[in-house]
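Since this is a predicted model, take the numbers as computed values, not measurements.
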Amino acid sequence: MSFLQFNKAELVNLSYSLKRQIILANKTGAYCNTSIIACNTRRYHGLLAVTLDRFGGDRYLLLSSLDESLVMGGKQFNLGLHCYGDIFEPRGHKYIVDFQADPVTMITYKVGDIVFTKSIILAPDSDSVYVRYELLQAPSPVTLLVKPFLAFRNIHDLTYRNSEADPSAKDVSGGVSFRLYSSFPDLFLQASSSSAVFTSHPDWYMGITYADEYRRGFDCTEDLMVPGTFELRMKAGESVVFCASTSEKKPSMIKRQFNSYAAKAPEITGIKDQLLRCADSLVTNHNGRKMICAGLSWMKTGLLRETLRALPGLTLHAGKPQEFEEILDNLIAAEEDRFFHRTTQAEAPLTVTVALQKYIEYGADPKAVWKKYSGILKNVLESYLPGGREEISMQPDGLLWSQKHNTALSWMNAYINGVPVTERAGYQVETNGYWYNAICFAIEMETRYGTPDKDFIYRWTKVRNMVEDNFENKFWCAENHCLADYVGVDGQNLDIRPNQIFAISLDYCPVDPMKVEQVLKVVEKELVTRRGIRTLSPRDVKYKGVYDGTQIERDLAYHQGSTRTALLLPYAEVCFKVQGASFVKKAEWLVEGFFDDLGTHGVGAFSELYDGDPPHEPHGAISSALSTSALLSMINLIERNR
């Protein structure tokens with residue numbers, strides 16, 4: 001039995017089923033994303049989106065959907081579903097009786113006495129999606145019609161009827177290939193059955209509407225090219241597999257490949273299995289370079305901050321420690337400029353320290369780690385000295401000041417009309433916490449495992465001591481019993497935000513233990529929910545408890561109240577340090593809260609953020625690297641402290 005299933009009553013209810021999405025991703029950077037009833041509600045939805053190096057490594061949607069019809073006794077039953085304005089046609093969802101997400105995504109249709117299934121597999125190692133159609137029951141032979149809806153566009157864009165599109169089909173073994181625009185690769189559509197015949201009759205389907213884009217206030221309609229129809233006869237008990245790919249397949253191998261992938265699909269028996277499956281889907285190996293995708297389906301791969309924070313969970317705690325250094329080395333090579341010269345992610349280069357600390361804690365040889373990465377960390381530290389970076393620099397008090405006109409220099413980086421919602425210019429509490437942690441780690445590692453470089457140790461010990469002397473004086477707010485979020489030209493900013501959690505969660509903490517406990521009490525009272533940590537206290541006038549509405553409304557809520565699953569990890573790390581094993585039960589309670597949502601937003605995936613207000617509806621990327629990583633690391637923490 002599938003770990004995640006939906007029944008007929010849920011599936012035919014469009015207000016329910018259209019909100020639930022499936023996401024399949026592979027190592028090449030391709031994905032398949034749609035709703036559980038195969039009706040696309042976002043511009044990002046489609047059966048096959050691939051990473052194209054020829055266009056700078058962004059993702060491009062080639063195949064939007066395959067629409068099926070069954071013909072028997074002179075009657076045609078259309079199983080597809082599209083939205084045109086406020087009208088849904090041809091309303092094939094009324095025939096759906098079952099959906100299962102694992103081990104293979106499968107939709108079951110019942111049309112009178114006909115029982116028909118559609119199973120989808122994204123090949124793990126190629127830009128190929130396989131769709132198996134199986135006629136389980138039928139009183140007489142059935143004709144299957146399959147219409148491909150072609151997009152050939154960037155996943156962030158929409159396409160419209162135009163004269164440049166070339167809908168002509170080129171015959172290939174077992175099917176046809178298309179290239180709507182000359183700069184794109186060919187898309188091969190092939191069937192495992194030699195009886196499948198393609199008839200060309202190209203036509204634009206106009207005004208297809210994406211309901212979720214409409215709700216968000218974005219452009220929401222596009223035109224898709226349907227170049228023709230595949231037709232074949234099937235009898236009860238027969239199956240056929242269609243493959244859409246950027247490479248030509250041997251028709252005789254298509255069904256074998258589908259069966260092979262299906263046999264290797266991991267069995268999902270619980271939350272840990274699902275987490276591991278998601279973690280694997282978020283690590284790509286495009287062109288032999290392993291990297292982390294920040295989130296599916298629209299977030300980018302290889303982002304500095306997201307990779308460094310997600311790296312321990314998606315490798316070490318996912319049972320793949322051998323991938324840790326490979327991914328880190330690829331990131332350093334790709335992001336050298338941001339590591340050592342300039343970045344709008346002020347604190348991000350310093351978080352390489354946290355990743356290395358967790359690697360050593362996991363069991364890596366500290367001497368070997370320092371030998372390999374000491375030069376990287378030393379250069380990162382040096383880059384924060386005066387003259388090293390334009391956007392952030394160490395001040396005479398040893399602390400880091402971050403400021404760039406009209407630029408958000410932290411992870412709270414939403415903008416409205418080019419203006420940051422939370423600019424946070426000045427001394428940022430988390431950035432200075434990471435700064436202190438990195439300095440202390442470098443001094444200790446160099447002393448134990450380095451040359452040692454006495455000049456390095458001497459110079460940076462002076463800086464460490466300055467940070468120790470000034471951190472609490474700068475950030476502690478006795479009135480609120482917590483740390484200021486940042487200190488700017490107007491003094492302490494006293495918004496109650498989660499950034500102070502980062503500062504007190506680190507191995508080297510610049511805050512007195514008694515004050516750490518006070519901070520925890522404030523955080524628990526103001527920010528902790530069962531769906532992550534709020535980004536702002538509900539008592540603040542700027543608080544937005546629901547992440548919905550127009551782009552501006554959502555940007556106002558993005559860091560002004562919405563919760564983050566990923567913030568649970570530093571919070572739990574502090575709680576375990578302060579409370580020990582007595583925190584296990586609460587940690588379990590916090591993690592279990594996400595079990596209930598596996599069928600709510602991204603089916604079987606872990607969302608980027610939630611509403612700050614109950615019932616804490618999920619939003620954002622349907623499969624988030626930071627969320628998945630944090631939950632895997634939380635489970636690891638619980639097991640270690642139980």
Side-chain angles (χ1 to χ4, degrees), residues 8-9 11-14 17 34-40 47 63-85 87-99 106-120 130-150 167 169 171 174-176 178 189-208 223-244 251 254-255 258:
K8 178 176 175 59
L11 294 162
V12 299
N13 181 354
L14 291 181
S17 55
T34 185
S35 68
I36 60 174
I37 54 174
C39 177
N40 296 337
L47 273 183
L63 179 62
S64 180
S65 66
L66 290 175
D67 277 24
E68 305 81 21
S69 297
L70 301 176
V71 181
M72 188 179 74
K75 293 184 178 181
Q76 181 169 323
F77 304 93
N78 299 321
L79 307 184
L81 180 64
H82 295 279
C83 180
Y84 298 90
I87 299 172
F88 286 91
E89 287 292 342
R91 301 186 66 81
H93 69 293
K94 63 180 179 285
Y95 301 118
I96 300 177
V97 294
D98 187 50
F99 171 92
M106 184 169 72
I107 302 172
T108 301
Y109 301 84
K110 192 173 189 305
V111 184
D113 295 328
I114 301 172
V115 179
F116 179 79
T117 64
K118 175 180 181 177
S119 302
I120 304 171
Y130 293 80
V131 182
R132 182 184 67 189
Y133 300 114
E134 190 167 11
L135 189 61
L136 299 181
Q137 297 176 24
S140 60
V142 169
T143 298
L144 171 64
L145 306 178
V146 179
K147 292 192 299 188
F149 283 62
L150 306 181
D171 288 335
V176 289
F178 300 97
L189 293 174
Q190 298 169 272
S192 63
S193 173
S194 59
S195 65
V197 176
F198 179 79
T199 302
S200 177
H201 44 83
D203 195 10
W204 286 96
Y205 277 57
M206 312 283 286
I208 292 175
D223 309 329
L224 294 173
M225 166 56 68
V226 176
T229 304
F230 287 93
E231 180 177 335
L232 73 156
R233 295 274 284 175
M234 299 180 69
K235 294 186 294 186
E238 290 184 340
S239 66
V240 61
V241 179
F242 276 81
C243 177
I254 290 176
K255 187 175 288 189
F258 178 94

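Rounded to the nearest 0.5 angstrom, R91 CZ and L79 CG are separated by 14.0 Å. One distance of note links CG of L135 with OG1 of T117; it measures 8.5 Å at 0.5 Å rounding. Rounding to the nearest 0.5 Å gives a distance of 9.5 Å between NZ of K94 and CZ of F77. To the nearest 0.5 Å, atoms CZ (R132) and NZ (K255) are separated by 8.5 Å. Distance check: L150 CG to S65 OG gives 9.0 Å after rounding to the nearest 0.5 Å. Here CZ of F99 is found 10.5 Å from OH of Y109. Values are rounded to the nearest 0.5 Å.
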Subject >> From CA spacing to verdict: side chain to side chain contact (heavy atoms under 4.5 Å, CB included), T108, V115 >> reply: CA-CA 7 Å; T108 301; V115 179; 4.1 Å; yes
**OP:** Give the C-alpha distance, both sets of side-chain angles, the deciding distance and a yes or no for side chain to side chain contact (heavy atoms under 4.5 Å, CB included) between V12 and I96.
**Re:** CA-CA 7 Å; V12 299; I96 300 177; 5.6 Å; no
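Residues L66 and L47 have side chains in contact (heavy-atom distance under 4.5 Å, counting atoms from C-beta outward). Between Q190 and I254 the shortest side-chain heavy-atom distance falls below 4.5 Å. Counting heavy atoms from C-beta on, the side chains of F258 and S119 come closer than 4.5 Å. Counting only heavy atoms from C-beta outward, the side chains of S17 and H93 never approach each other to under 4.5 Å. Using a 4.5 Å cut-off on side-chain heavy atoms (C-beta onward), L145 and V71 make contact. H82 has its side chain within reach of F149: a pair of non-hydrogen atoms, C-beta onward, lies under 4.5 Å apart. Between L11 and I36, the closest side-chain pair of non-hydrogen atoms falls below 4.5 Å. A heavy-atom distance below 4.5 Å is not found between the side chains of L70 and N78.
Considering every non-hydrogen atom in both P148 and L63, the closest pair reads CB-CD1, 4.1 Å. Pairing each heavy atom of A191 with each of A196, the nearest pair is CB-CB, 3.7 Å. Taking every heavy atom of both residues into account, K118 and V131 meet most closely at CG-CG1, 3.8 Å. Nearest heavy atom pair, residue L144 against residue E68, reads CD1-CB, 4.1 Å. Across all non-hydrogen atoms, the minimal contact from D67 to L81 is OD2-N, 4.5 Å. Looking at every heavy atom in both residues, C39 comes nearest to F88 through SG-CE2, 4.3 Å.
With sequence neighbours excluded, no residue satisfies side chain to side chain donor-acceptor pair (under 3.5 Å) with S35. Shown here are the side chain to side chain donor-acceptor pair (under 3.5 Å) partners of S193, two or more places apart in sequence or in another chain: S195.
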Can you list, pair by pair, the side-chain donor-acceptor contacts under 3.5 Å of residues 227-237, counting residues two or more places apart and other chains?
| unit_1 | atom_1 | unit_2 | atom_2 | d |
| --- | --- | --- | --- | --- |
| T229 | OG1 | H201 | NE2 | 3.0 |
| R233 | NH1 | T143 | OG1 | 3.3 |

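Under 3.5 Å, the side chains of S64 and N40 contain a donor-acceptor pair of N or O atoms. Side chains of K147 and Y205: a donor-acceptor N/O pair is present below 3.5 angstrom, by distance only. E89 and Y84 are not linked by any side-chain donor-acceptor pair at a separation below 3.5 angstrom, with hydrogens and angles left out of the test.
Aromatic rings of Y133 and F116 (six-membered ring for Trp) have centroids within the 6.0 Å cut-off, being under it.
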